[in-house]
Amino acid sequence: MDLRLALYRLADEHRLDGPATARLERLAGLGDPPGTLSRRLPIGLAVLAAALLGLGLIFWIAANWATLGRFGRFAVLQGALLSMGLAALWRPAWRAPLALVVLLATGALLAYFGQTYQTGADPWQLFALWAVLMLPLAWGLRSDLLWTPWVLVAFVGLSLWIQAHTGHQWRVEPDDLAVHMVGWAAALALVLTMAAPGRRLTGSGPWALRTAAMLAVVVVTITALGGLFARDIAAHYGLGLLALAALAAAFVPARSFDVFALSAAALGLNTLLVAGLGRLLFEHSGRGDPIGRLFLLGLVAAGLLAASVSAVLRLARARAQSGAAA
């Protein structure tokens, strides 16, 4: 229940006047700042400043492309990389945001190197090298502020790897099943690495896990939908259902429970199930009233969503009660 509405209802029940209502609000701490504001606001501002600094560096080089020359561009990028790394070693309090600048500068340096010398490498190799080079930094820093963008870089590289090994096309064909399975396995492995069992090793936090879970669900769901809407339903659809069910089951135990990751996996499962029922109703059911079939599809979608939300909420309450008891 909203605290403000509860206070207004209480004031109305007891017929409190203006000063009494204001005193009640002060006693409830309604006008006080959030308790975590003093801790989270500096961190948020530092991350925003680091992101703006890294992106500003990239945009500045792009704006002065003609005047800097090849040596000047490399000098600016390498100088920024070296200075931010040394500053991170010198000032531990600034280490996380400065490491984010190092990550952005490394990506810019790799992109410029590939553009300057035309190595012929696929784009996925750039992102894979970027992720590998930043892995020791993220491991040493053990901060969610660096693991979260690292996960994004890794998933971009993974998606581009799948695209490169399926004829450089975003396609879902029976012959591409092995490539997609390897991609799915890598995506799920990244999620489990960011989850609670692997968190002792990586030092990652909840945002890295949630980013990895969301991106893994997107990768699996889109590929499975491509298999569903092929001329003949490909094996990707059934395997996608199994993969999302396994991902959801991984976050049910109390040790690894995460309501966001579980909700994302449930949403992906609902999407695949409703899409499969839609194809069944509108392609293999013969003649009939299309409005009735559409109504049935809506009812099933609403029922699946309600059941998923109810199950996730029950699990969240149970885990919260068991945690409070412990």
| message | Can you confirm whether L160 sits close enough to Q125 that some side-chain heavy atom of one is under 4.5 Å from a side-chain heavy atom of the other? | response | no
| request: Grab the two heavy atoms, one from A196 and one from R255, that are nearest each other, plus how far apart they are. | output: CB-O, 3.3 Å
| Given L86 and W90, is the side chain to side chain contact (heavy atoms under 4.5 Å, CB included) satisfied, shown in steps? | CA-CA 6 Å; L86 291 176; W90 177 52; over 6 Å; no
| Does the side chain to side chain contact (heavy atoms under 4.5 Å, CB included) test come out yes or no for F127 and L110, once each step is laid out? | CA-CA 9 Å; F127 285 91; L110 290 174; over 6 Å; no
| query | Can you find a heavy atom in the side chain of V259 that is under 4.5 Å from one in the side chain of F251? | reply | no
| query | Do H165 and W161 have side-chain N/O donor and acceptor atoms under 3.5 Å apart? | reply | yes
| Under 3.5 Å, side chain of T211 to main-chain N/O of W207, donor-acceptor pair present? | yes
| task | Would you name the heavy atoms of H180 and R171 that are closest together and state the gap between them? | result | NE2-O, 3.2 Å
| If two hydrophobic side chains count as joined below 4.5 Å and joins carry through other members, does L241 share a cluster with L305? | no
| Minimum heavy-atom distance between G227 and V172, given as atom pair plus value | N-CG1, 3.6 Å
| note | When rounded to the nearest 0.5 Å, the distance separating CG of L296 from CD1 of I291 is 13.0 Å
| said: Ring-plane angle category for W147 and W150, please: parallel below 30°, perpendicular beyond 60°, tilted otherwise. | reply: perpendicular
| request: Give a yes or no on whether the backbone of A250 and the side-chain of S256 come within a donor-acceptor separation of less than 3.5 Å. | output: yes
| task | Answer yes or no: are there more than 12 heavy-atom neighbours, outside W124 itself, under 6.0 Å from its atom CH2? | result | yes
| request: Starting at CE of M194, measure out to OG1 of T148 and round the result to the nearest 0.5 Å. | output: 9.0 Å
| Contact check, side chains of L239 and W184, non-hydrogen atoms, under 4.5 Å | yes
| request: Start with the C-alpha gap between V220 and H236, add the side-chain angles, then the distance that decides, and say whether side chain to side chain contact (heavy atoms under 4.5 Å, CB included) holds. | output: CA-CA 9 Å; V220 174; H236 300 74; over 6 Å; no
| Do L280 and L273 belong to the same hydrophobic cluster, where Ile, Leu, Val, Met, Phe, Trp and Tyr are linked whenever their side-chain heavy atoms lie under 4.5 Å apart, directly or via other members? | yes
| task | Find out whether M84 and L53 are in side-chain contact, i.e. whether some heavy atom of one side chain is under 4.5 Å from a heavy atom of the other. | result | yes
| said: Are V309 and F260 linked, directly or through intermediate hydrophobic residues, by side-chain heavy-atom contacts shorter than 4.5 Å (ILVMFWY only)? | reply: no
| said: Give me the atom names and distance for the closest heavy-atom approach of L89 to R95. | reply: O-NH2, 3.4 Å
| Which atom pair, heavy atoms only, marks the closest approach of L244 to A265? | O-CB, 4.0 Å
| said: For the backbone of G278 and the side chain of R293, can you confirm whether one donor and one acceptor N or O come within less than 3.5 Å of each other? | reply: no
| field | Gap between atom CG of L269 and atom CG of L242 - 0.5 Å precision | value | 9.5 Å
| field | Shared hydrophobic cluster, L152 / L192 (ILVMFWY, side-chain heavy atoms < 4.5 Å) | value | no
| message | Tell me if a side-chain donor or acceptor on Y237 pairs with a main-chain N or O of F229 at a distance below 3.5 Å. | response | no
| task | Determine, step by step, whether V217 and L247 satisfy the side chain to side chain contact (heavy atoms under 4.5 Å, CB included) criterion, reporting the C-alpha distance in whole Å, the side-chain angles of both residues, the deciding distance to 0.1 Å, and the verdict. | result | CA-CA 9 Å; V217 169; L247 183 63; 3.7 Å; yes
| message | Which heavy atom of R279 sits nearest to which heavy atom of R231, and what is that distance? | response | NH2-O, 3.0 Å
| With distance as the sole test, does D144 use its side chain to make a donor-acceptor pair with the main-chain N or O of S204 at under 3.5 Å? | no
| task | Look up atom CZ in R319 and atom CG in D258, then write down how far apart they are to the nearest 0.5 Å. | result | 12.0 Å
| query | When rounded to the nearest 0.5 angstrom, what distance separates CG in L267 from CG in L262? | reply | 11.5 Å
| query | Are the side chains of L145 and L100 in touch, meaning some heavy atoms are under 4.5 Å apart? | reply | no
| remark: Taken to the nearest 0.5 Å, the spacing of L313 CG from S263 OG works out to 8.0 Å
| If two hydrophobic side chains count as joined below 4.5 Å and joins carry through other members, does L52 share a cluster with L98? | no
| query | Taking C-beta and beyond as the side chain, do V151 and L190 meet within less than 4.5 Å on heavy atoms? | reply | no
| said: Is there a side-chain contact between L81 and L77 in this structure, where contact means two heavy atoms from C-beta onward sitting under 4.5 Å apart? | reply: no
| message | When you compare the side chain of T202 with that of R142, does any pair of heavy atoms fall below 4.5 Å? | response | no
| said: Would you say T166 and D176 are linked by a side-chain donor-acceptor pair, where the criterion is simply a distance under 3.5 Å? | reply: no
